Amino acid sequence: MDEKKVDEITRLAMNIYSNKGVYALLLGSGISLSAGILSGWRVTEDLLRKLAFMQEGHNPDDVFLWYKNKYHKEAEYSDLLGQLGHHPAEIGNLLWSYFEQSEEDRKNKRKEPTKAHVAIAELASKGYFKVIITTNFDRLLENALDQKGVKFQVVSNETNLEGAVPIVHFPVTLFKVNGDYKDTRVRNTEEELTNYPPVWNNYLLAILKDFGLVTCGWSATWDKAVINDILNNKHHQYSYNFTYVDKDKSKEIISLSDDCNGSTFGIDGADDFFTELAERIKALELIHDKDMEIDKEIAIARVKDCIMRDEDIIRYTDLFENETARVIQKVGEFTYTNEYMNATLYSQIYSTAISYLSVLLPMSVVAVRWTDSNHAEAIVNALSALANRPIIISGVFTDEGKLQNHVVDTLYLYGTGIACLYYRKYELLDRLFRVKLDDADRLSSSYLIDIANCWLIDRDRWNATSQNRLKTPFSWLVSDLLRPMFAVIKDKEEFDTYFCVFEKLLAMYYYMLISSTMQIEEFRHNAPIGQFAWQSFYFTRKNDNKYEAFFNEIVDLKEQSSQLRGGLFEGKYELFNEAYAEVNEIEKRVRPYMMY
């Protein structure tokens with residue numbers, strides 16, 4: 001999997017879970033490969049070989065070119081079937097061998113729904129997918145949906161499109177955009193795949209406009225009409241997600257993703273991808289409190305209402321205290337573990353933690369935007385209460401497992417901190433960085449940021465227990481979990497910029513408040529270095545490098561910069577400059593170990 005898309009499946013699972021029914025699937029031939037089903041193109045090629053052998057007595061090297069030279073037109077599926085079989089029964093028998101199980105297929109478990117088909121059907125049965133677009137002719141997905149008892153309608157030609165129930169009024173719609181193998185009206189030639197009939201194209205455009213997208217097994221190579229329609233929906237409301245197996249052979253789909261503001265990430269195959277996606281969504285079902293999800297919008301509305309009315313500061317404070325107490329009650333001692341940490345366990349702990357913040361963090365982000373000094377106190381107190389909540393120690397646990405007890409407060413610190421940067425609430429950010437722990441005997445300092453930083457995940461342990469070798473696993477996991485909380489930041493690169501600025505500021509505050517006070521010299525030159533240490537290389541290639549611009553403003557304007565005037569580093573340039581220079585040196589020292 002592409003390491004720049006760290007744990008994208010977790011992000012995708014959370015988005016699909018949180019936005020049930022708003023993502024459409026776009027499936028290609030790769031979804032049926034493990035079942036031994038040929039793609040429509042390969043079926044046509046094989047039919048051409050049969051026809052050529054019947055007429056020429058041998059197989060030409062390029063059967064498509066042979067057909068074009070002989071018949072002066074592109075090879076059409078329906079024409080081929082007409083020449084190879086004169087009656088419906090003959091045609092049916094001809095196609096049967098490509099898509100239906102023979103006794104030998106049944107014995108070897110070929111041409112039956114794959115793990116991917118089964119996982120898709122399971123997710124569809126729960127309402128996560130209402131629309132499935134497929135370029136495949138086979139009926140494996142229909143079989144899987146039938147086996148799960150899913151009510152679905154199939155739209156495979158203009159005729160049944162006329163009688164189709166509107167998508168919003170039917171549990172699942174399977175849109176076979178290029179047709180079905182039992183219908184000779186399938187689309188397979190270059191012309192047919194480039195120019196859909198208007199009514200057909202409009203149906204596809206409506207889906208792409210109203211739904212997000214997840215592709216799998218689709219190469220973005222042959223289906224030109226689909227590609228053009230995707231490009232015509234650059235300003236889609238929900239994200240477009242494109243998967244690939246071999247990056248070197250996926251230039252078309254990566255280019256398409258870039259052109260339509262989508263995201264791409266590598267997978268090991270359709271079976272693994274959908275099985276893992278279904279498992280992660282199932283985990284979210286188990287850990288998310290649905291009542292809290294329902295209350296989120298109400299809580300946000302109450303925060304806005306309280307901030308508008310100065311006299312409601314008591315109700316506003318109570319709202320934060322009550323929600324913080326609910327989080328503390330939900331968390332309990334959930335992170336304690338007797339197991340040694342591994343990538344899977346890390347992901348589970350962090351996904352669980354973000355679920356417990358599903359109300360508190362969104363309402364805090366809104367509060368940061370409109371807050372003044374009076375309202376800021378509730379946010380700082382919420383972080384302090386999370387960090388200093390009672391810890392019930394029972395049984396045996398590892399020190400690393402115990403550290404994970406601070407995942408919830410770390411995610412809250414990162415989420416509210418990024419909001420502070422986005423809305424330029426620098427005084428509040430300064431206060432968040434200075435939150436302390438009441439019981440810090442085992443720490444080198446009493447500041448929460450001594451724990452709440454990228455060192456919470458051991459990089460070597462993650463990489464030793466995961467297929468993905470990542471430079472900064474903590475940063476990528478946390479950024480993926482937090483990004484859905486910031487709908488206001490539409491562009492992923494912009495979010496990454498704010499995330500990296502926050503992590504660098506945290507490292508600078510770590511140096512200023514903790515490292516610089518150490519008596520032992522070697523400890524004085526240390527700070528938690530996150531993904532900003534190497535992401536900065538990518539930022540420098542952009543014309544609008546907001547990452548460097550943030551720090552350059554302080555360097556250029558010193559105490560007159562908005563950041564220092566706003567309250568960072570006590571408003572003193574010498575404090576900023578010392579921390580900035582030290583962290584830059586630590587970056588240089590650490591960066592080579594990040595570059596694999």
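Predicted model only: the values in this text are computed from it and were never measured. Values reported hereafter were calculated over all heavy atoms of this structure, with side chains retained and with hydrogens, waters and symmetry mates removed.
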Which word best sums up how the rings of Y510 and W455 line up, parallel for under 30°, tilted for 30 to 60°, or perpendicular for over 60°?
->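 If you compare the ring of Y510 with that of W455, the planes turn out perpendicular.
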Pairing of [X] and [Y] as salt bridge, 4.0 angstrom limit:
X    : Y    : value
R431 : E427 : no
E585 : R589 : no
K282 : E122 : no

Answer yes or no: is there a side-chain heavy-atom contact under 4.5 Å between [X] and [Y]?
X    : Y    : result
S561 : Y573 : no
E321 : T324 : no
V245 : D268 : no
F532 : S475 : no
F211 : Y23  : no
W462 : L477 : yes

Worksheet item: Between Y509 and F569, does the ring centroid distance fall short of 6.0 Å?
Response: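 Y509 vs F569: aromatic centres under 6.0 Å.
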Honestly, is K330 close enough over Y356, meaning NZ or CZ under 6.0 Å from the six-membered ring centre and within 45° of the axis?
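No, a cation-pi geometry is absent between K330 and Y356.
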